[in-house]
Amino acid sequence: MSDETTAARHAAARPFSAFDGWTRELAATFTLAWPLVIAQLAQTALTTTDVIMLGWLGPQALAAGTLATTFLMPFMVGAVGIVGAVAPLAAQARGARNIKAVRRIVRQGFWAAILLATLLIPILLQIRTIFGWLGQDPTNARLAEEYIHVGVWMLYPALMAVALRSLLSAFDSTRAILVITVSGVFFNAALNYVLIFGNYGFPRLELRGAALATMITSFIMFAMMLGFVLRHRRFKRFNILLRFWKPDWARFREIFRIGTPIGLTVLAEVGLFTAAALLMGLLGTDEVAAHAVALQCASMAFMVPLGLGIAATVRVGLAYGRGDVDGITKAGWTGFALGTAFMLLSCIVFLLFAPNIVTIFLSPSDPANANALALAATFLVIAGVFQLVDGAQVVAAHALRGLSDTKIPMLLAIFGYWAVGLPVAYVLGFVLEWRGVGIWIGLAAGLAFVAVVLVARFAMRERLGLLDGLPR
């Protein structure tokens, strides 16, 4: 066979080889992501169970419990973002085949979790005083304090579980996360049933019972995850508890260096939606109810690109750790494509079936709900459009985290949410008097800005020097 013939065959085979590489990356990302997606949905079901059962107690218990968890959540998500830096760091260590580094990263993740919980708990215990400053109803403040004084201790196991979940994600063991999270939903529901209402001979603890159920469930889930990591043959070699008290200050600082911008980014996004809810409150009760319905639907759909984003962090981190520039490209764009494809599907569903979807939350047989239903359907159509940019921005942000690039994305996200999204929402909603529609368009504008700049940043990663630290 001539050299020309051989070269021609190799040239013809090259496109198929490249296609195979993308196909393998697609399969690897999907295999890693689908348990994470379902686990994210199950995590949402944990709080949904609390809301449903507290609702059975009556509106005041539900209001107090909602206030308590609303107060807790910003602290929680900020801390989760910081400890979540274990995921890209562990993935990079795995890609570099540095087993000792994995143990040290997870151990310092535990340290970060313990430190954050210890710092946050004294602040959270002051909820009644803080609610008094904010002019909240004294009865609601007292009941919220009952919940927080018990539930706040879940921060220790919940944050330490984030370090373990990051380890499992970095090593593709996401099915274990799924099984443990789903088990937690059932544990939490059963404990709520007996502790809130005093069933089967247990004391009736009401709000404190809900908080106790959440705390116990958090400890159970952490214990299950720790037991899996300590006993499974794939993870026993890391000996994550070996010399637990030995510091590794460089990696401890690295977790906070990478994780703090992640936590602040999440806080900025949560704050934007909180501000939008407050703006809705200035418009009226129907607008608030409609906003809550549309936001709940959008939040459930968001769990899918969020799970894909976590998978993108791991896949990009693995490629970065082994110095694979082509692997980084495939991992990032594959996660982006999957996230955008799903959000396109949810966009179509929201656009076509918004009036039907909102009736799940508000009864159409009650004439008093007519205005809220109409508003909710309208908001959900707009939410359908911003699904695309919401999915794009979260996957892009996570792909950049795989490169340990978090500080500039944080600044871009804060600018997009607060200097673009919120002003547009206010101007359209109140100056131009588009009311709730204007507020939702403002949310979409902020998310669209962040999506464009973060996707562009990932696309320009080499030109911006984000791969300068790549192992060679």
Side-chain angles (χ1 to χ4, degrees), residues 32 78-119 155-174 176-177 180 221-263 310-311 313-324 328 398 400-407 466-472:
L32 178 64
V80 166
I82 294 172
V83 181
V86 169
L89 292 173
Q92 291 170 14
R94 180 193 173 194
R97 300 181 182 276
N98 190 343
I99 301 303
K100 188 180 292 186
V102 173
R103 176 173 67 243
R104 291 176 176 175
I105 290 164
V106 176
R107 184 172 72 221
Q108 295 311 301
F110 280 157
W111 279 38
I114 293 168
L115 174 64
L116 287 166
T118 303
L119 292 174
L155 281 175
Y156 283 109
L159 293 179
M160 292 175 75
V162 171
L164 292 176
R165 199 161 63 234
S166 298
L167 170 66
L168 293 173
S169 298
F171 283 82
D172 307 328
S173 292
T174 50
I177 298 172
I180 291 168
M221 291 171 66
F222 171 68
M224 291 173 67
M225 212 168 283
L226 181 61
F228 179 83
V229 169
L230 293 178
R231 300 188 62 178
H232 193 279
R233 58 181 179 80
R234 191 178 186 195
F235 296 99
K236 282 195 324 188
R237 59 188 170 132
F238 296 124
N239 294 310
I240 61 167
L241 297 182
L242 183 68
R243 293 191 289 276
F244 182 80
W245 299 110
K246 183 179 179 182
D248 187 334
W249 297 118
R251 287 190 171 86
F252 185 75
R253 287 192 295 270
E254 186 76 352
I255 287 172
F256 278 89
R257 185 184 72 80
I258 295 172
T260 301
I262 296 174
I310 296 169
T313 296
V314 171
R315 296 297 301 169
V316 171
L318 284 170
Y320 185 91
R322 62 176 181 263
D324 182 358
I328 291 171
H398 278 80
L400 291 168
R401 289 171 195 174
L403 304 175
S404 297
D405 180 37
T406 58
K407 185 177 179 180
L466 302 183
L467 303 186
D468 288 351
L470 200 69
R472 302 295 180 184

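Note that the structure is predicted; figures quoted are calculated from it, not measured. The figures that follow rest on heavy atoms only: side chains count, while hydrogens, waters and symmetry mates do not.
In this structure, L400 and L466 have side chains that are in contact, with non-hydrogen atoms separated by less than 4.5 Å. A 4.5 Å side-chain heavy-atom check between T118 and Y156 finds at least one atom pair inside the cut-off. Within the 4.5 Å cutoff, no side-chain heavy atoms of M225 are placed close to those of M160. Residues I105 and F238 have side chains not in contact (no heavy-atom distance under 4.5 Å, counting atoms from C-beta outward).
A donor-acceptor pair is defined here as one N or O able to donate and one able to accept, closer than 3.5 Å; such a pair exists between the side chain of T406 and the backbone of I258. A donor-acceptor pair under 3.5 Å is formed between the side chain of N98 and the backbone N or O of A101. A donor-acceptor contact shorter than 3.5 Å links the side chain of R107 to the backbone of K246.
Among all heavy-atom pairs drawn from L32 and S169, the shortest one is CD1-O, 3.5 Å. The shortest non-hydrogen separation linking G402 to Y320 is O-CB, 4.1 Å. Considering every non-hydrogen atom in both L168 and A176, the closest pair reads CD1-CB, 4.4 Å.
The CG atom of L403 lies 9.5 Å from the OG1 atom of T313; values are rounded to the nearest 0.5 Å. I177 contributes atom CD1, which lies 9.0 Å from atom CG of L167 (distance to the nearest 0.5 angstrom). For the atom pair I262 CD1 and R401 CZ, the distance stands at 4.5 Å (nearest 0.5 Å).
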Passes side-chain contact (heavy atoms from CB on, under 4.5 Å), V314 versus L318? Steps please. CA-CA 6 Å; V314 171; L318 284 170; 4.1 Å; yes

Intermediate values then yes/no, side-chain contact (heavy atoms from CB on, under 4.5 Å), L115 and F252: CA-CA 11 Å; L115 174 64; F252 185 75; 3.8 Å; yes

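Salt bridge D172/R94: present, at least one basic N to carboxylate O contact under 4.0 Å. Note on R257 versus E254: salt bridge recorded, some NZ/NE/NH1/NH2 to OD/OE distance being below 4.0 Å.
In this structure, F235 and F228 have tilted ring planes: the angle between them lies in the 30° to 60° band. Between W249 and W111, the ring planes are perpendicular. Angles over 60° get that label, and only those under 30° would be called parallel.
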